Amino acid sequence: MVLLFTILINKFTASASYYPRDVPPSQRTLISSNINSFANPLLAGLNSSGLAVAVVRQDSSVPGGWRREFGFYGVAKDDGAPFTPDTLFLIASNSKLFLAYSVGLLISNRSLAQKRGKELTWTTKAKDIFPETGLSSHIYSLAHGPTGRAEAIANLKFLRPSAEFRPIFQYHNPGYDTLAHLPEVLLNQSYESYIMQHLFEPLNISSSTFSVKEAEASGRFAQGFEWDMRDQVKGVDGTRTAMIPLLRGMVRKQSDIFGSGHGELHDKNAATRRASQTRLPRPSNTQPPDSPFESLEKSYSDPVYGTLRPCYVNKGNSSSAFCSGVLKSPAVKRIIAAVDSNAPTIIIPFKGLSSHLCLKHFDKNIFNVSALLMNTEDREAEGYGSKGGFLVGLDTNFELEWVNPGKAGGGLAMKGGFWGGTPLQGKRESSAEVWFKLDGT
């Protein structure tokens, strides 16, 4: 689902009176020159496109009793358009604040407690409403599998746990989807409708929307930016590139609710953290896998993450029509040109928070994996052509083990932190954070 939110809430009451949402610059007391001195060097240091600041403070000396100040730095769009108090932002996981509010409202709903015959509290056990799990974030599963929340919750049992339930805290994205299903379970009302009725309408948050289409049609939608061809492992910063168009595949089924905030999906610090992951050089006496690389071109499935169909990048013709089409696509041609060619390479379409997985042979049945994200196909689909756009994720680093190649019980063991938690140790299927079983076996 998608939530797009204005940078500045129009009002904080439901009364009919409206007041200015920003004081004249000469009268500002909250956004001072000190903030300007902080923000501008920050943008320069991060080579970021821009940011907006809204500050609200109760003040009886101004109309309405609230002082509202707005400031912006940099640009909202690649054409140089500035931010305004009505700019719409894509806020990603910041919108989980609205989810927390919705849960609190359900807990305080006395009529709901009477109807259920028992109260809903902050200590109500999940098993009384939903299945219990102890799971990592599983962020790459967000755009795969079933489309409905009920089906997604039912499929939680297929995700491999990284800990017993409750011993440790882990940031688990599907858990938020589970909470977003509460209004439907308890009130037979969709989460989006519940938020509109109990938060947006009472607070007169009239410009906000769950629809990307509506946001883009408004002309007030701030563009996000990505770092095309960034690879911090190699020390390459990349080129800042606008996300045009917005990634439909990623947004359409993202379990985190999108909300208000602007900027690159992958900030410089995050890229640096990824680059700090150990990526060992390929051994000089590399051994081939137990089966030819071409025999990897089969179908492997996980109930939540979906199906992987690897395609071997070689100098000859692919053994399947599917892989022939994949390898000839403009998107994959760009990937092939961007990655090192000193090791046998496998490309796997993988839609969602990534668009492709790039496997580079390391040794024997082990491959290094990069989760790549690019918008080439979205640009083609929306009439922008195959040129331009961005490619990111070259510096992500996971591991894949090809288990029992060509034999019964075979599959692909994805590991190295792919599930968003502490990597498992060991070999073969028991070490898999996500296990893609060979189909038909």
Side-chain angles (χ1 to χ4, degrees), residues 140 229-236 271-300 308-320 323-324 326-327 332-350 354 356-372 391-419 422-438 441:
Y140 286 104
M229 300 297 291
R230 166 175 277 176
D231 189 341
Q232 291 294 296
V233 172
K234 298 180 179 179
V236 178
T272 302
R273 289 193 296 271
R274 288 197 303 270
S276 67
Q277 298 175 5
T278 301
R279 184 179 293 178
L280 298 176
R282 195 171 184 233
S284 58
N285 58 341
T286 300
Q287 300 297 310
D290 293 341
S291 290
F293 292 105
E294 292 87 342
S295 64
L296 186 60
E297 291 188 350
K298 293 182 173 65
S299 178
Y300 309 81
L308 300 184
R309 297 188 64 181
C311 295
Y312 175 44
V313 179
N314 60 8
K315 295 182 179 179
N317 295 321
S318 174
S319 60
S320 72
C323 284
S324 179
V326 168
L327 298 176
V332 172
K333 286 183 177 179
R334 189 176 184 209
I335 292 173
I336 295 172
V339 301
D340 293 333
S341 59
N342 61 348
T345 302
I346 308 291
I347 301 295
I348 306 176
F350 192 65
S354 64
H356 300 81
L357 300 178
C358 179
L359 280 56
K360 295 180 63 177
H361 184 243
F362 179 72
D363 189 28
K364 299 182 179 178
N365 294 334
I366 302 299
F367 294 78
N368 285 321
V369 182
S370 293
L372 306 177
L391 167 60
V392 297
L394 294 169
D395 46 15
T396 54
N397 186 34
F398 305 109
E399 182 182 323
L400 181 143
E401 181 179 358
W402 188 8
V403 179
N404 290 336
K407 300 178 182 178
L412 306 178
M414 192 71 74
K415 44 193 175 179
F418 185 77
W419 61 0
T422 302
L424 291 177
Q425 303 300 316
K427 296 181 179 180
R428 307 175 73 80
E429 182 181 354
S430 63
S431 68
E433 298 159 6
V434 183
W435 172 247
F436 294 90
K437 180 182 178 181
L438 176 63
T441 62

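This one's a predicted model, so the numbers in the text were calculated from it and none came from an experiment.
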**Item:** F350/H356 under ring-ring contact (aromatic ring centres under 6.0 Å, His included): CA gap, chis, key distance, verdict
**Value:** CA-CA 5 Å; F350 192 65; H356 300 81; 9.9 Å; no
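From I346, atom CD1 reaches atom CG of L400 across 10.0 Å, with rounding to the nearest 0.5 Å. Atoms CD1 and CD1, from I336 and I347 in turn, are 5.5 Å apart once rounded to the nearest 0.5 Å. Interatomic distance, CZ of F367 versus SG of C358, reported as 11.0 Å (0.5 Å rounding). To the nearest 0.5 Å, the span separating CG on D363 from CZ on R282 amounts to 7.5 Å.
Between the side chain of R309 and the main chain of P349, no donor-acceptor pair closer than 3.5 Å is present. Formation of a donor-acceptor pair under 3.5 Å by the N365 side chain with backbone atoms of D290 is found in this model. Side-chain atoms of S370 never come within 3.5 Å of backbone atoms of N368 as a donor-acceptor pair (strictly under, hydrogens ignored).
Using a 4.5 Å heavy-atom threshold, the side chains of C323 and Y312 count as separate. Inter-residue side-chain proximity for S291 and L296 is flagged as unmet; no heavy-atom pair is nearer than 4.5 Å. Counting heavy atoms from C-beta on, the side chains of M414 and L357 come closer than 4.5 Å. In this structure, the side chains of I335 and L391 come closer than 4.5 Å at one or more pairs of heavy atoms. When side chains are defined from C-beta on, L372 does not count as touching S354, because their heavy atoms never get closer than 4.5 Å.
Scored by the side-chain hydrogen bond (donor to acceptor under 3.5 Å, both in side chains) test, K360 finds no partners at all (sequence neighbours excluded). Listed by chain and number, the residues in a salt bridge (Lys or Arg N to Asp or Glu O under 4.0 Å) with R334 are D228 (sequence neighbours excluded). In this structure, the side-chain contact (heavy atoms from CB on, under 4.5 Å) partners of E401, at least two apart in sequence or on a different chain, are I366, V403, A413, K415, K427, R428, S431.
By the neighbour-count criterion of 12 heavy atoms within 6.0 Å, atom NZ of K437 is sparsely surrounded, having that number or fewer from other residues, nucleotides or ligands.
Ring planes of F418 and F398: perpendicular class, angle over 60° (limits at 30 and 60°).
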